[in-house]
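Take a look at the structure below.
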Amino acid sequence: MLRSSTLTQSVTVTCVHHSHRQWFQSIPVNYRFCDAARNSLSSYSAIFKWKRTANYNRNRSGMGTFTTRALAQPLQNADELIDSVETFIFDCDGVIWKGDKLIEGVPETLDMLRSKGKRLVFVTNNSTKSRKQYGKKFETLGLNVSEEEIFASSFAAAAYLKSIDFPKDKKVYVIGEDGILKELELAGYQYLGGPEDGGKKIELKPGFLMEHDEDVGAVVVGFDRHFNYYKIQYGTLCIRENPGCLFIATNRDAVTHLTDAQEWAGGGSMVGAISGSTQREPLVVGKPSTFMMDYLANKFGISKSQICMVGDRLDTDILFGQNGGCKTLLVLSGVTTLAMLQSPNNSIQPDFYTNKISDFLSLKAAAV
């Protein structure tokens with residue numbers, strides 16, 4: 001029997017003052033301040049920082065105790081893990097592929113899991129594509145994955161707006177790529193920005209004042225290969241000057257895999273620029289926020305204890321699984337190395353780790 005190591009979570013809540021409360025009052029109770037802590041998804045008026053280091057507790061007698069998470073164990077019996085869960089959630093970059101190159105052994109591994117009746121879900125923080133576009137990428141790589149099994153952070157941004165009944169007469173300014181635009185369009189929202197603003201420049205001459213649309217009620221920031229100063233200023237004006245304007249980030253990933261040759265600056269660099277200019281922290285809808293986990297659990301009727309999150313990043317994938325109460329498996333085929341996992345400075349420990357997901361096949365054979 002597998003035993004998930006215990007984890008004590010402590011929540012530090014920092015309130016951000018807003019002069020406009022009307023927008024907050026329009027947000028359903030499920031996403032307001034108190035319930036946000038329960039779901040580990042911050043509303044735009046609260047930021048939650050999860051501490052995963054040793055946690056100090058004081059018992060009734062006044063004596064202090066420390067609770068720590070056990071160190072990750074190498075995966076030795078794949079069958080035991082597979083049999084203990086109903087659903088596997090896979091990250092994509094660094095787990096299924098790197099750039100446009102499929103990681104060795106992935107097709108056979110996915111086929112084996114499906115043959116055992118396991119539900120497979122693919123969750124990516126990359127917002128450059130819509131679910132439909134990701135479906136085409138899976139197909140190009142020779143993988144049979146349906147659109148219903150794919151959840152990108154571009155979709156999460158649109159799904160979040162729907163969950164709070166974002167007014168249809170308001171607009172969304174997008175700092176990002178085509179995936180976000182397509183998902184917003186499918187959800188019925190008006191938008192501006194995106195790739196269209198990639199070539200725009202500002203002529204900084206004396207007395208110049210940049211106009212912006214006062215009907216923008218949300219700014220969504222994702223990875224953007226055409227990020228520029230025009231977008232920074234436009235998004236900043238909307239957030240700072242439009243009453244109640246939301247600041248939503250698809251993710252805060254530091255790096256991404258645009259090619260399999262090296263790591264490239266991720267969506268977190270774009271989000272950081274807007275955060276710096278507005279002095280506001282965004283609401284993050286991608287990993288490690290549990291918004292997508294809650295959405296998936298509700299959509300498929302999955303018990304979170306019956307899910308295993310498989311990813312290559314500690315601070316997004318593994319934290320995402322842990323925040324959601326799932327089992328977690330780290331693969332070393334992407335961003336995280338064994339040295340990084342075992343570093344004394346790392347406080348995020350998955351339940352198990354292995355080299356790549358095709359180890360499910362070799363470890364299974366070894367066990368037999």
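Only heavy atoms go into these numbers, but all of them, side chains included; no hydrogens, no water, no symmetry mates.
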For residues 207-215, run the donor-acceptor check on the side chains, cut-off 3.5 Å, and write out each pair with its distance to 0.1 Å, sequence neighbours left out.
from: His212; atom 1: NE2; to: Asn242; atom 2: OD1; distance (Å): 2.9
from: Asp213; atom 1: OD1; to: Asp215; atom 2: N; distance (Å): 2.8
from: Asp213; atom 1: OD2; to: Lys171; atom 2: NZ; distance (Å): 2.7

Charged tip of Lys201 within 45° of Tyr230 ring normal and under 6.0 Å | no
Can the ring centres of Trp97 and Phe138 be said to be less than 6.0 Å apart?
-> yes
Can you list, pair by pair, the side-chain donor-acceptor contacts under 3.5 Å of residues 329-344, counting residues two or more places apart and other chains?
from: Ser333; atom 1: OG; to: Gly94; atom 2: O; distance (Å): 2.6
from: Thr336; atom 1: OG1; to: Asp312; atom 2: O; distance (Å): 2.7
from: Thr337; atom 1: OG1; to: Met340; atom 2: N; distance (Å): 3.2
from: Ser343; atom 1: OG; to: Asn345; atom 2: N; distance (Å): 3.1

Sequence neighbours excluded, every pair satisfying ring-ring contact (aromatic ring centres under 6.0 Å, His included) that has a member inside residues 169-188 | Tyr173-Tyr234
In chain order, what residues pass the side-chain hydrogen bond (donor to acceptor under 3.5 Å, both in side chains) check against Lys118, with sequence neighbours excluded?
-> none
Could you tell me which residues satisfy side-chain contact (heavy atoms from CB on, under 4.5 Å) with Asn144, sequence neighbours excluded, listed by chain and number?
-> none
Considering residues at least two apart in sequence or located in another chain, which fulfil the side-chain hydrogen bond (donor to acceptor under 3.5 Å, both in side chains) criterion with Asn355?
-> none
Result block: side-chain N/O donor-acceptor pairs under 3.5 angstrom for residues 119-126, not counting sequence neighbours:
from: Arg119; atom 1: NH1; to: Thr87; atom 2: OG1; distance (Å): 3.2
from: Thr124; atom 1: OG1; to: Asn126; atom 2: N; distance (Å): 3.0
from: Asn125; atom 1: OD1; to: Lys287; atom 2: N; distance (Å): 2.8
from: Asn125; atom 1: ND2; to: Asp253; atom 2: OD1; distance (Å): 3.1
from: Asn125; atom 1: ND2; to: Lys287; atom 2: O; distance (Å): 3.1
from: Asn126; atom 1: OD1; to: Thr128; atom 2: N; distance (Å): 2.9
from: Asn126; atom 1: OD1; to: Thr128; atom 2: OG1; distance (Å): 2.7
from: Asn126; atom 1: OD1; to: Tyr134; atom 2: OH; distance (Å): 3.4

Are Ser127 and Ser154 close enough that a side-chain donor and a side-chain acceptor fall under 3.5 Å?
-> no
Quick one: list whatever passes salt bridge (Lys or Arg N to Asp or Glu O under 4.0 Å) with Glu148, sequence neighbours left out.
-> Lys299
Partners meeting ring-ring contact (aromatic ring centres under 6.0 Å, His included) with Phe155 (sequence neighbours left out) = Phe151, Tyr295
What residues form a salt bridge (Lys or Arg N to Asp or Glu O under 4.0 Å) with Asp100, not counting sequence neighbours?
-> Lys137
What pairs with Glu263 under side-chain hydrogen bond (donor to acceptor under 3.5 Å, both in side chains), at least two apart in sequence or on another chain?
-> none
Taking only residues two or more places apart in sequence, or in another chain, which ones meet Glu177 in a side-chain hydrogen bond (donor to acceptor under 3.5 Å, both in side chains)?
-> Arg225
Can any side-chain N or O of Thr140 pair as donor or acceptor with the backbone N or O of Lys136 at less than 3.5 Å?
-> yes
